[in-house]
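One structure is given here, and the rest of the page talks about it.
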Protein chains: 2
Amino acid sequence: MEKILSRTEETLLLAVWALAPNAYGLAIGEHLRKLTGKRWSVGAIYIPLERLEARGLLAAHEGEPTPQRGGRSKRFFTLTPQGLKALNEARRLHEALWAAVPDEGGLA
Amino acid sequence: MEKILSRTEETLLLAVWALAPNAYGLAIGEHLRKLTGKRWSVGAIYIPLERLEARGLLAAHEGEPTPQRGGRSKRFFTLTPQGLKALNEARRLHEALWAAVPDEGGLA
DNA sequence: CCTATTTGTTTTATAAAATAGAAAAATAAT
DNA sequence: ATTATTTTTCTATTTTATAAAACAAATAGG
């Protein structure tokens, strides 16, 4: 049985996908801040990103220096096929859980 | 800003909802085992349930002994209005994250 | 009775993940 | 060279997850 993605992991994978092909640490944080309305500390981003890379759900490559003022070179992340698969699986599970609820209409 | 539900928390809240009004520890575990295909240890159920109760997302009450073979009395859980609200919020966020992805059709 | 068995919850110990924030590294403008 | 800026890496802390053993309550059957 494959491991279920945590919410953080799913969220990060989706952010990488949404920002493709320009997904790097700080941009991901900014994207998530806008979408979730809460602040994402750098640790809350880089550490799980690394884990996802180690697990093969993300791939990373160094970016070229840009003609901007400063800045160390970026590490860009992209979804791997396994990453996509894991996202699919998480979504399927999510839907199954909601479908098991008797009267979903009670929400809004 | 309200805290975002972890996947475990969301899953447990949905299970309580799905089994209402007969949601208690072991039954929840069995429900989730069937739905997710993986084994849920007792710790993975009771501990977060307690936390959800402490946060006010679940309410608990003791059940009467039943005419079954054995069994200590059950603790039944029900969703509180805040629990429902939190589920709604988690779902809204989930949808927003997926909506930010460019071509969702690429999945299946 | 009374004890073996079943159903259920609590407790305890350990591992893994999430989070925050400081520090370090890399780059280009001045 | 020096400094401002952007980005990542490191370190420490808290929170969650997981597994397994201990504890509790009930009844069936001898």
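Excluded from the calculations below are hydrogen atoms, water molecules and symmetry mates; all remaining heavy atoms, backbone and side chain alike, are included. Naming convention: chains lettered A, B, ... in sequence-line order (proteins, then strands); numbering from 1 in each chain. Every value quoted in this text rests on a predicted model; they were computed, and no experiment measured them.
- OP1 or OP2 of D:dT18 has not a single side-chain nitrogen or oxygen of B:S41 nearer than 4.0 Å.
- Each of D:dT7, C:dG8, C:dT27 was ranked by its minimum atom distance to the side chain of B:Y24; first place goes to C:dG8.
- OP1 and OP2 of D:dT16 both lie 4.0 Å or more from every side-chain N or O belonging to A:S6.
- Residues A:R33 and A:W40 approach most closely at N-CD1, 4.1 Å, considering heavy atoms.
- Atom CZ of A:R33 and atom C1' of C:dT19 are 18 Å apart (whole Å).
- Place B:V42 and A:E9 on DNA chain C by their nearest nucleotides, and B:V42 ends up nearer the 5' end.
- As a whole-Å value, the separation of A:L12 CG from C:dA17 C1' is 12 Å.
- In this structure, B:R7 pairs ionically with A:E10, as a charged nitrogen and a carboxylate oxygen lie closer than 4.0 Å.
- Here A:K3 reaches the OP1 or OP2 of C:dA17: one of its side-chain N or O atoms lies under 4.0 Å away.
- Side-chain contact between A:F77 and A:L12 is absent, with no heavy atoms from C-beta onward closer than 4.5 Å.
- Looking at the side chain of A:I47, the nearest of the listed nucleotides C:dA20, D:dT7, C:dG8 is C:dA20.
- Atom CD of A:E50 is separated from atom P of C:dA16 by 17 Å (rounded to the nearest Å).
- Spacing between atom CZ of B:R75 and atom C1' of C:dT7 amounts to 17 Å, rounded to whole angstrom units.
- Nearest to the side chain of B:T8, among D:dT18, C:dG8, D:dA17, sits D:dA17.
- Nearest to the side-chain atoms of B:R72 among the listed nucleotides D:dA24, C:dA20, D:dT9 stands D:dA24.
- You'll find that the side chain of B:K38 is closest to D:dT18, out of D:dA24, D:dT18, D:dT9.
- Rounded to an integer number of Å, the gap from CG of A:L52 to C1' of C:dA17 is 12 Å.
- For the pair B:L49 CG and C:dT11 P, the computed distance is 15 Å after rounding to whole Å.
- Contact annotation: B:R51 side-chain N/O to D:dA17 OP1/OP2 distance is under 4.0 Å.
- For the pair A:L26 CG and C:dA26 P, the computed distance is 16 Å after rounding to whole Å.
- The two residues B:P48 and B:G43 come nearest to each other via the heavy atoms CD-O, 3.5 Å.
- Residue contacts for A:G25: at a heavy-atom cut-off of 4.0 Å it reaches the sugar-phosphate backbone alone, with no base atom in range.
- For the residue pair A:L79 and A:V16, the shortest heavy atom distance occurs at N-CG1, 3.9 Å.
- When the C1' atom of C:dA25 is taken as reference, atom CD of A:E62 falls 12 Å away, rounded to whole Å.
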